[in-house]
A.B. asks: 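Okay, handing you the structure first.
Below, each value reflects all heavy atoms present in this structure, side chains not excepted, and no hydrogens, waters or symmetry copies.
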Amino acid sequence: MNCVICRNGNTKPGYVSVTLEKEGSTIIFREAPADVCENCGEYYLSEEITGLLLERANKAVNNGALIEIQKFAA
């Protein structure tokens with residue numbers, strides 16, 4: 001897939017860190033699978049991965065986490 005940001009690079013499978021903030025909480029997921037632009041580093045998450053990240057972030061916020069770092073595991 002061509003990168004929609006830089007328009008010069010193509011994406012390839014890789015892993016990224018994703019930071020989500022909600023209600024004063026910051027949740028960081030390490031090693032989330034994504035398609036990553038080889039030129040600029042922009043990443044694209046699949047709908048499935050996005051759903052899992054949001055679900056886990058909401059759970060962390062509901063449990064009272066202010067800052068949490070998780071290694072992504074499907």
Side-chain angles (χ1 to χ4, degrees):
M1 166 177 123
N2 263 348
C3 179
V4 299
I5 301 299
C6 73
R7 301 185 191 274
N8 292 317
N10 291 310
T11 60
K12 62 181 181 177
Y15 295 92
V16 297
S17 293
V18 178
T19 303
L20 300 174
E21 295 181 41
K22 181 178 180 181
E23 298 175 15
S25 297
T26 302
I27 315 300
I28 301 168
F29 295 95
R30 295 179 52 238
E31 298 180 27
D35 290 328
V36 183
C37 176
E38 60 191 2
N39 183 56
C40 72
E42 181 71 19
Y43 63 86
Y44 303 87
L45 301 170
S46 71
E47 188 175 331
E48 176 186 3
I49 298 300
T50 299
L52 289 171
L53 292 175
L54 291 174
E55 181 181 308
R56 293 177 187 182
N58 283 328
K59 183 177 179 182
V61 170
N62 291 337
N63 287 336
L66 293 177
I67 298 174
E68 186 165 309
I69 301 171
Q70 300 180 16
K71 182 175 179 183
F72 184 86

A.B. asks: Is there a side-chain contact between L53 and I27 (heavy atoms, below 4.5 Å)?
C.D. replies: no

A.B. asks: I need the C3 SG to D35 CG distance, nearest 0.5 Å.
C.D. replies: 11.0 Å

A.B. asks: Are L54 and F29 grouped together when hydrophobic residues (ILVMFWY) are joined by side-chain heavy atoms under 4.5 angstrom apart?
C.D. replies: yes

A.B. asks: Can you tell me how far the OG1 atom of T26 sits from the CG atom of L66, to the nearest 0.5 Å?
C.D. replies: 8.5 Å

A.B. asks: Using a 4.5 Å cut-off between side-chain heavy atoms of Ile, Leu, Val, Met, Phe, Trp and Tyr, which other residues end up in the same hydrophobic cluster as Y44?
C.D. replies: M1, V4, I5

A.B. asks: Rounded to the nearest 0.5 Å, what separates atom CD in E21 from atom OG1 in T19?
C.D. replies: 7.5 Å

A.B. asks: So, do F72 and I49 sit near enough that their side-chain heavy atoms are less than 4.5 Å apart?
C.D. replies: yes

A.B. asks: Mind checking side chain to side chain contact (heavy atoms under 4.5 Å, CB included) for N39 and listing every partner two or more places apart, or none if nothing turns up?
C.D. replies: C6, N8, C37

A.B. asks: Is there a side chain to side chain contact (heavy atoms under 4.5 Å, CB included) between V36 and T11? Walk through the geometry before answering.
C.D. replies: CA-CA 5 Å; V36 183; T11 60; over 6 Å; no

A.B. asks: Any chance you could measure I69, atom CD1, to R30, atom CZ, to the nearest 0.5 Å?
C.D. replies: 8.0 Å

A.B. asks: To the nearest 0.5 Å, tell me how far R56 CZ sits from E68 CD.
C.D. replies: 11.0 Å

A.B. asks: Rounded to the nearest 0.5 Å, how far does CD of E23 lie from CG of N58?
C.D. replies: 8.0 Å

A.B. asks: Identify the heavy atoms of Y43 and S17 that sit nearest to each other, and give their distance.
C.D. replies: OH-O, 3.9 Å

